[in-house]
Amino acid sequence: MSTASCRAFRAVLEASGEMVGERALAERVAWLAAVIRRMAAGVVAEHWNRVHLDRLGSGVGLDGRALPAKGWMAVRRLGWDAAIPEGVYVSDRVRRCAEEEAARALRLALYRRAILAAIIATWPADPGRRTDAEWTAVRVALNATAGAAGSGVSSALIRNRTRQLRAYLDEHGLSPAALTGLGGQAGVVEVEGPPVVAAQVLLAAADRQLVTLERVGASGARLRVQLPLCARPATRRDWAWHVLLVPLPPQVPADAGLRCPSLRVMDGRVRVDLPFTVAMPYAPATVHAVAVGFDWGVNTLLTGTVGRLHNGRVEGDGRPLIYDATTVSAKLHRLRGHREALAAKRDHYATLQAGFAPDATRHEKVAALHQRADREHTRVCARIRHLNNALSWSAARWAVDQAIALGASVIYLEDLATLETRGRRKGNAALCGQVRGRVADAIRHLAAKAGLAVVAVPARGTSKYCPRCGTGTSPLRHAPAPDRLKERGWKWAHCARCGLSCDRDQAAAERIVSRGLLAQHHTVTDRGTGTRTIRIVVEGNLARARRPRKPTGAARRARRTRTDLHPRPHDRARQDRTKTGPTPKRPSAQRPTERSSTERSSTEKAFSQPPDRRLVPAPTIPVGQRPAGQAPQANSPTAVRTGLVRDSHHRTGFHHLKAAPVLALGEYGSGRHKGYARPKHLIPQATTENRRRYGERARD
Ligand SMILES: [Zn+2]
């Protein structure tokens, strides 16, 4: 199920055929939303206490029967019916919408309460930073209090709630011991006020007496809804059926099933949040042969690699798939700084304003400044939200495209729940943590549409051991750069035993893909949410296989013309081979300078494949700034057929973002390639040491 955000431009009054313009329509929808919001807020405020939340949380009604899943029905079973404002006439269906809204707000509060209870029960010694043991404890407690939903709680949410509790303690001058008084039971009622109810109309709670929806052609929908004709409708006559023709955006397929939408008004426009369902291909949890694994990096948001299971062995092709969001991260970091500054300014003006008498001349000035700071703060918040959102969907789209192009049937991600305590970084680096949860959700959504499974694997220790030779025996050394292997650092991984030298995140991604493929029989599917997880670590090495070389031009030509690749001279057989004189010297190729044979072999061979080990970082694809305007269209026949675009700009949607292009996978590895042997090491530089190591062996 997805939601398409549509816009209704006008409506027609069903009875009279009168046209209602966008402004009038927005006004009427806003009236309806306001009435519903008022009723819903009344229900929430009335029942915002421990006893009532407990009753809703118990899931059992007053008559001893289980509460219905539908929110408005549960609220009615509990006898918490919404009160209709004095002098206003609303139908029972409108009341249902309000009760649904209230039920959702209260059920969300129950969820927050479960998280708070788990945090209170396992209050850490230093609330600023939990130790490994404390993180484990809070996770265990969450699984106990929040049930199936507990495993989906992100670390960022736990940190935010911990901060909220700390602020509460500071405000009331309480010690952490006082929390246990709150804990276990409600907590949320004391720590926060009743939640704000959104101004929207949840038509899903109503039936055909308030709303009907039908599809019109491939790209439109006809929504009939009863709207009030004035702000305070006093009688039934103040309501009328409106017919809204809603154009559907192109992502809604022609065979999608439309569900009842929600209406809201934003910036004077009528937004129709229209859920639609599409049939989803089944993605099995096991029997995967080709997989893509992704590692969450610090600035490179995602680093991935492909892995293939063959005869119980995992093979990779050594190509790193990188989605480098450094520039967007920096932008987000700046915006967050700006947001903090604006919040401080706003609070400062609020304090100043309180110091002046309301009739003082300066009061008015400060009030205006306060308003302005507040407005700017709201805008910056919205900008951050939109950028986070765009980045998450862009990264997810890229990741799923890579998996499709590489022929994978499953995507393995690091389990965010086990990811904490790694990388103690602040500031710029920390922000990706917020985005990760959204990216993971977006990948799950897009992968489900493409019939790919998404499985979380344990993140612990992915960069600790060499992915190629060591399962627990040869630890990777981390260096700042490939030419500074002696120093301790973060970015570069080096294995002294087998000589592996590659990007830290790429090594981790290889470990993730091998953990996933080898432990796929331990995949657990959560019944409530459908998320898949592997909790058992099965370590195995990943061999880097090469793609077979393309046949040379001569070989291709020979195959095409059906001629022998190495033809014999015709007269060879009849030639008299008895030796009568000295063998003539063969003409040698002209070389610019004279060099030794080892040097020649190292520098003059042309390789079409990337070297297996590098002494310098892999070159990033040079991307310049695309000129402003429309993104270049992909017009190559392959791109059109597969729907995949080689130009990474086109896919990411960001000007200054580097991402590995989406390329289809050629065959590689031993399954396809009979004569596959361990790849020969290339000689990156003709140093004395390398000459000794490789040159000697080659001569033997
Ligand atoms: Zn190694």
Side-chain angles (χ1 to χ4, degrees), residues 7 21-46 48 83 85-88 98 101-102 105 160 163-173 189-201 228-234 263-271 331-389 427 431 434:
R7 181 175 165 191
E22 187 171 25
R23 190 178 293 176
L25 181 64
E27 202 174 26
R28 289 174 193 182
V29 172
W31 287 334
L32 177 58
V35 170
I36 286 176
R37 183 187 203 173
R38 195 169 151 196
M39 290 196 290
V43 175
V44 172
E46 195 183 333
W48 190 247
E86 192 87 13
V88 173
E101 189 82 57
N160 288 344
R163 206 173 297 142
Q164 181 192 23
L165 281 172
R166 271 173 84 188
Y168 174 78
L169 290 178
D170 290 348
E171 194 185 327
H172 293 81
V189 178
E190 283 80 2
V191 175
E192 55 189 71
V196 178
V197 179
Q200 60 174 351
V201 185
L229 298 170
C230 59
R232 294 178 65 82
L263 296 181
R264 64 198 160 90
V265 175
M266 211 175 82
D267 302 331
R269 292 166 182 175
V270 181
R271 308 299 317 196
K331 173 81 180 175
L332 278 166
H333 186 55
R334 284 199 298 277
L335 281 172
R336 291 201 307 173
H338 192 189
R339 182 182 63 185
E340 300 310 316
L342 282 171
K345 204 185 219 179
R346 181 195 59 191
D347 295 347
H348 178 63
Y349 285 137
T351 319
L352 276 181
Q353 201 181 341
F356 293 120
D359 52 343
T361 45
R362 292 182 68 185
H363 182 272
E364 202 174 317
K365 269 188 191 170
V366 174
L369 287 170
H370 174 257
Q371 263 184 11
R372 196 179 69 180
D374 191 39
R375 206 163 49 235
E376 280 179 21
H377 181 260
T378 316
R379 282 184 190 151
V380 172
C381 285
R383 176 88 178 95
I384 292 175
R385 209 168 48 240
H386 293 157
L387 199 52
N388 269 332
N389 203 26
L431 92 156
Q434 298 179 330

(request) Examine distances only and state if a side-chain atom of Arg232 and a backbone atom of Glu86 form a donor-acceptor pair shorter than 3.5 Å. (result) yes
(request) To the nearest 0.5 Å, tell me how far Asn388 CG sits from Arg383 CZ. (result) 10.5 Å
(request) Determine, stepwise, if the pair Arg163 / Asn160 fulfils side-chain contact (heavy atoms from CB on, under 4.5 Å). (result) CA-CA 5 Å; Arg163 206 173 297 142; Asn160 288 344; 3.4 Å; yes
(request) Give the minimum heavy-atom separation between Trp48 and Pro195, together with the two atoms involved. (result) CZ3-CD, 3.5 Å
(request) Of all the heavy-atom pairs spanning Ala40 and Val197, show the shortest one and how long it is. (result) CB-CG1, 3.7 Å
(request) Provide the closest heavy-atom pair for Tyr349 versus Ala373 in the form atom of the first, atom of the second, distance. (result) CD1-CB, 4.2 Å
(request) Measure across Ala98 and Met39 and return the closest heavy-atom pair with its distance rounded to 0.1 Å. (result) CB-CB, 3.7 Å
(request) Nearest 0.5 Å please: distance from the CZ atom of Arg166 over to the CG atom of Leu169. (result) 9.5 Å
(request) For Arg37 and Glu101, run side-chain contact (heavy atoms from CB on, under 4.5 Å): C-alpha distance rounded to whole Å, both residues' side-chain angles, the deciding distance at 0.1 Å, then the answer. (result) CA-CA 8 Å; Arg37 183 187 203 173; Glu101 189 82 57; over 6 Å; no
(request) Work out which heavy atom in Leu335 is nearest to a heavy atom in Val380; give both atom names and the distance. (result) O-CG1, 3.7 Å
(message) Please determine whether side-chain contact (heavy atoms from CB on, under 4.5 Å) holds for the pair Arg271 and Gln200, giving the CA-CA distance in whole Å, both sets of side-chain angles, and the decisive distance to 0.1 Å.
(response) CA-CA 10 Å; Arg271 308 299 317 196; Gln200 60 174 351; over 6 Å; no
(message) Can you confirm whether Glu340 is buried at CD, in the sense that more than 12 heavy atoms of other residues, nucleotides or ligands lie under 6.0 Å from that atom?
(response) yes
(request) Kindly check if the number of other-residue, nucleotide or ligand heavy atoms within 6.0 Å of CZ (Arg7) is above 12? (result) yes
(message) Using 0.5 Å steps for rounding, measure from the CZ atom of Arg346 to the OG1 atom of Thr351.
(response) 10.5 Å
(request) Could you grab the distance from atom CH2 of Trp31 to atom CG of Leu229, nearest 0.5 Å is fine? (result) 8.0 Å
(request) Return yes if some donor-acceptor pair links the side-chain N/O of His338 with the main-chain N/O of Arg334 below 3.5 Å, else return no. (result) no
(request) Looking only at non-hydrogen atoms, find the nearest pair between Val44 and Pro194 and report the distance. (result) CG1-CB, 4.1 Å
(request) First locate atom CG of Leu387, then atom NZ of Lys331, and finally report the distance between them rounded to the nearest 0.5 Å. (result) 7.5 Å
(request) Report the distance from atom NE2 of His370 to atom CG of Leu352, rounding to the nearest 0.5 Å. (result) 10.5 Å
